[in-house]
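Each remark here refers to the structure printed beneath this line.
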Amino acid sequence: MEIAFVGHVDHGKSTIVGRLLADTGSLPQGKLDQIRAFCEANARPFEYAFLLDALRNERAQGITIDVARVFFKSGGRAYTIHDTPGHAEFLKNMVSGAARADAALLVLDGHEGVQENSRRHAYLLSMLGIRQVAVLVNKMDLLDRDQGAFDALVDSFGRHLARFELVPSHWIPVVGRTGENLAARSGEMAWYHGPTLLEALAGFEAARPLEELPFRLPVQDVYKFTANGDTRRIVAGTVESGRAEPGDELVFHPSGKRSRIRSLEAFPGPGPAIVSAGMACGFTLEEPVYLARGEVAAKAGEPGPVCANRFRASLFWLGKRPLHSGRDYLLKLGTARVRARLERIVRVLDASSLEPRETPEAVARHEVGEVVLRLARPIAFDPGQLPPAMSRFVLVDDFEISGGGLLLEGLAEGVASGRAARFNQRPLVILLAQEGKGGAHDHGLDLALSDAGRAVYPLPALMAPFHKERLTRMAEQARLLLDAGLLVLLPVSEPRWTDLDALKGMLPEGRLKVVWIGDGPAPAGLHADLAVDPREDRTLSRAILRWTGVDAAEAVSPLETGH
Amino acid sequence: MHHLDQLENRSIHILREAYSSFRKLGMLWSIGKDSTVMLWLARKAFFGHVPFPLIHVDTTFKIPEMIAYRDRLVREWGLRLIVGTNHAALAAGDTFPSGKVDRITCCRLLKTEAMKTALAGGPGEEPFTGIIAGIRADEEGSRSKERTFSPRTRESDWDVDDQPPEFWNQYKTDFAPGTHVRIHPLLDWTELDIWEYIGREGIPTVSLYYDQGDGRRYRSLGCHPCTTPIESTAKNVQEIIAELSTGKLSGIAERSGRAQDKDDAGGLETLRRDGYM
């Protein structure tokens, strides 16, 4: 089981972990003496933290710089502890340690109280998907081991954590330096009846097995090693969820290619009868389909992943350079690797105060936010948390992993995706049907939409009669304008309404909205999306803004991969 | 899933990520138990093949049984082996056994420098961009701070104060020209895991790890002038596991027989910042 210790700098994480190792007899002989000798030689007081802070600069500055991985056993369970740094500058190292954890201990200095990184780390735990959390209220000796002071902290910090639905399983008053309530119960805090740290660790549950979920295997590689007459063509990858066996039909996403599993391979052979979540495996296929790294294998007959190239995502940013829309990034999810751009920022929060930032242009280092991302080509993913690897991504900026996040949902692709992104709008043709006005253009609407930031092109009015050539020419013009990413206004008057059905068929699916402008209800044959009173021009412009906003794009629902 | 299966699957996944990500990939093989377990894992990851060369840094002070064992496995498993040796330093006598330099300098010349030369590739060859090394986090302090994919500068230096983030099984596979990445598939394994896995899989190991009748055996292998055996009567893998988990060794550091660790106050940090594995 993997456990992370997080919290603000100097609140005592390394001291608690060091003391826990010492008190559970987990240190090699002479290790404490070695630290004592080091402290004496360098004229420093003895520190349990030096068991973890092994680097020269860490000891010199008395802080943890990078996460330390230590191992110990207790009650028959093997633990890997990730002791993470609490200094804001080393947040990337905190994330590196905490992201692997099954559970986390948030360390809080009871005397100094809640600090910036206490809150920031807590929020990142929730983003990293860590739901099992206990809070250690440390340095209780400086609070005279007082229950009232402890309760006040539990109350105030508990309310902050509840804002993002983090509910600690326990709040434990401890003294790291003396080991109180770590491995052994404190005799001086008799008012506390909850578990010690060691007991809380034993109560954490191991990661949930993912065998019962639909099968997912991101293809890592296809091997064809020919040495010693080997003729196998083996698809290799790690099963993220579900199980599969020879004879199962696989569907590879996003290509949609299909094949049955011929054999499961292993060295030394023979291969296993079945593979399931967590196994790094390999298999051969019945049909010789061409596959590339980054495809995701799912099973026919089970729900498949979503394939999309636009996403709503939540993310945290660690890069030295802010995340902004003018740069190309590399998105890595599972084994897929694809060029990505920031299309739009929905909102940005300070991860510590949770205050939203006004009109953010970019996501700065250590901020969290919700964004719309666009990829150079579609990838397969599963929205929501399960299996985690199918929604978690990182963004690489100039060779460096600079941020991470969760894909929340896929968004519909515009016809003119790339160019429309520049205008930050969803291109549409708005057919403005009205009676008796002779097709005159409404400049007020054009202006109102332009003022709201839309790139609008008003086409000349379409006049009856609507014979085929005229409609075809009009549709061609409209398609070009849609492709350019524009919002097209097309007034039309006095038609036989059913003639317009031909026009609808000539435009891309879902790219036409029909508005009836008139006193009465819309004519039945028109199939209007909206009917507005000509005197209420604001109703119309608001509706068009809603239709053409990028967040108006409908979510893509999961594809069925049934037979 | 059993603890050893979890470790095995994770390491195989890492080895496959490395193979997919680096055009010129090599694996450091010290002949010791850890890197031999890693070699075994590579054969599992690639279904009986080892699709990259192994690099052995030979100081010429290695214990002779190690070389015999190395050459046997190369033959039997069909391995590609590159041997890196600092002939210039040896010719000049710049070694600790000769008394001309101290232990740390000797390590740097015969191991780090020899390795850097081997990693630069032969004449007309491109340098290695991905190097797989069998270090474990529980060996000593600076290794407990390592990343699975750990970048090195053009000079092979490790910038331990500013390591890149690594999370959600997404690794640093993008790197600037001239730099390289060290890949550490065994970071999560403890010494006990290694021996339990050797026992379970029946992986061949050098006889030096076992007591041959004089009540002594090597716990960690290195050059003979700087490596001393420990007092132990463990004659096979099962006896070593018993000794490590409940017996006399359960409280003694693994590298207690490795002299260079003690001569360097920062653990192995000084050597490792400079490119040492």
Side-chain angles (χ1 to χ4, degrees), chain A residues 25 27-31 38 52 54-57 65-71 78 80 92-93 95-96 98-100 128 209 220-221 223 225 227-228 230 232 234 236-238 265-269 278-280 282 293 318 330 332-333 335 337 388-389 392-394 396 398-402 404, chain B residues 1 3 5-6 8-17 19-20 43-49 51 78 137-138 140-147 151 160-176 179 187-188 190 192-193 250-254 256 265-267 269-270:
Chain A
L27 295 172
Q29 217 173 34
K31 186 76 189 172
F38 171 85
L52 286 305
L55 301 177
R56 269 200 301 272
N57 286 345
I65 291 173
D66 214 323
V67 57
R69 234 178 264 233
V70 293
F71 306 87
T80 304
K92 63 185 167 66
N93 301 339
V95 167
S96 304
R100 299 183 41 148
L128 292 169
Q220 241 178 326
D221 223 327
Y223 300 135
F225 300 118
N228 306 319
D230 196 341
R232 295 171 299 175
I234 302 175
T238 300
E265 297 291 330
F267 177 86
M279 290 173 73
R293 180 181 158 92
L318 304 167
L330 202 61
K332 302 210 291 183
L333 180 143
T335 58
R337 180 187 155 87
R392 292 171 172 176
F393 67 89
V394 300
V396 178
D398 197 18
F399 309 125
E400 300 293 340
I401 291 179
S402 297
Chain B
M1 194 180 275
H3 179 60
D5 290 322
Q6 244 171 23
E8 178 191 75
N9 281 302
R10 199 181 284 166
S11 299
I12 289 175
H13 182 85
I14 292 164
L15 286 167
R16 289 178 179 165
E17 284 298 281
Y19 182 63
S20 291
R43 295 173 84 217
K44 285 202 165 201
F46 307 108
F47 304 95
H49 304 268
D138 76 330
E140 51 86 36
S142 76
R143 286 175 180 164
S144 81
K145 301 274 174 179
E146 268 286 8
R147 295 284 193 265
V160 64
D161 296 329
D162 188 17
Q163 299 196 76
E166 178 175 89
F167 51 95
W168 292 341
N169 289 334
Q170 295 294 353
Y171 301 109
K172 181 167 175 74
T173 51
D174 299 276
F175 52 96
T179 64
L187 221 46
D188 293 337
T190 65
L192 185 58
D193 296 330
S250 60
I252 298 172
E254 177 183 5
S256 58
E269 188 178 337
T270 309

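To find a chain, count down the sequence lines: A is the first, B the second, and so on, and within it residues start at 1. What's counted below: heavy atoms across the whole structure, side chains too, no hydrogens, waters or symmetry copies.
B:R10 contributes atom CZ, which lies 11.0 Å from atom OG1 of A:T238 (distance to the nearest 0.5 angstrom). For the atom pair A:F71 CZ and B:D193 CG, the distance stands at 7.5 Å (nearest 0.5 Å). Rounded to the nearest 0.5 Å, atoms CG (A:D66) and OG (B:S142) are 11.5 Å apart. How far CZ of A:F267 is from CZ of B:R43: 3.5 Å, rounded to the nearest 0.5 Å.
Using a 4.5 Å cut-off between heavy atoms, A:D398 makes no contact with chain B at all. Heavy-atom distances place no part of B:N169 under 4.5 Å from chain A, backbone and side chain included. With a threshold of 4.5 angstrom between heavy atoms, A:L330 approaches chain B through side-chain atoms but not through N, CA, C or O. Contact annotation for A:I65: only side-chain heavy atoms (C-beta onward) come within less than 4.5 Å of a heavy atom of chain B. Contact annotation for A:V396: only side-chain heavy atoms (C-beta onward) come within less than 4.5 Å of a heavy atom of chain B. For A:I234, the part sitting under 4.5 Å from any heavy atom of chain B is the side chain, from C-beta outward, and nothing else. In this structure, no portion of B:L15 lies under 4.5 Å from any heavy atom of chain A. Proximity to chain A is limited to the side chain of B:H49, based on heavy atoms less than 4.5 angstrom apart.
Side-chain atoms of B:E269 come within 3.5 Å of backbone atoms of A:R56 as a donor-acceptor pair (strictly under, hydrogens ignored). Of the possible donor and acceptor atoms, one in the side chain of B:N9 sits under 3.5 Å from a partner among the backbone N and O of A:A280. Within the 3.5 Å criterion, the main-chain N or O of A:R69 finds no donor-acceptor partner in the side chain of B:K145. In this structure a side-chain-to-backbone donor-acceptor pair under 3.5 Å is missing from B:Q163 to A:N93.
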- Message: Run B:D174 and A:K332 through side-chain contact (heavy atoms from CB on, under 4.5 Å) and show every step you take.
- Response: CA-CA 11 Å; B:D174 299 276; A:K332 302 210 291 183; 4.2 Å; yes

- Query: Are B:M1 and A:M279 close enough, and set up right, to give a side-chain contact (heavy atoms from CB on, under 4.5 Å), and what steps lead you there?
  - Reply: CA-CA 9 Å; B:M1 194 180 275; A:M279 290 173 73; 3.8 Å; yes

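Contact count versus chain A (heavy atoms, under 4.5 Å) is highest, among B:F175, B:F47, B:W168, B:F167, for B:W168. In terms of heavy-atom pairs under 4.5 Å with chain A, the best-connected choice from B:K44, B:Q170, B:H3, B:E166 is B:Q170. Per-residue heavy-atom pair counts under 4.5 Å with chain B were compared for A:D230, A:V70, A:T80, and the maximum is reached by A:D230. Here A:L55 is the residue among A:L333, A:N228, A:L55 with the most heavy-atom pairs under 4.5 Å with chain B. No other option in B:A45, B:S11, B:A137, B:S20 has as many heavy-atom pairs under 4.5 Å with chain A as B:S20.
In terms of heavy atoms, B:P165 sits closest to A:S96 at CA-OG, 3.3 Å.
For B:D138, the salt bridge (Lys or Arg N to Asp or Glu O under 4.0 Å) partners two or more places apart in sequence, or in a different chain, are B:R136. For A:A266, the side-chain contact (heavy atoms from CB on, under 4.5 Å) partners two or more places apart in sequence, or in a different chain, are A:P272.
For B:D162 and A:K92, the salt-bridge test passes: some basic side-chain N is under 4.0 Å from an acidic carboxylate O. Looking at B:E17 and A:R293, a side-chain N of the basic residue comes within less than 4.0 Å of a carboxylate O on the acidic one, giving a salt bridge. Using a 4.0 Å cut-off between charged nitrogen and carboxylate oxygen, B:K172 and A:E400 count as a salt-bridge pair.
Separation of the A:Y223 and B:F46 ring centroids falls under the 6.0 Å cut-off.
Within the 4.5 Å cutoff, no side-chain heavy atoms of A:T335 are placed close to those of B:R16. Side-chain contact between A:R337 and B:T173: present, with at least one pair of heavy atoms (C-beta onward) separated by less than 4.5 Å.
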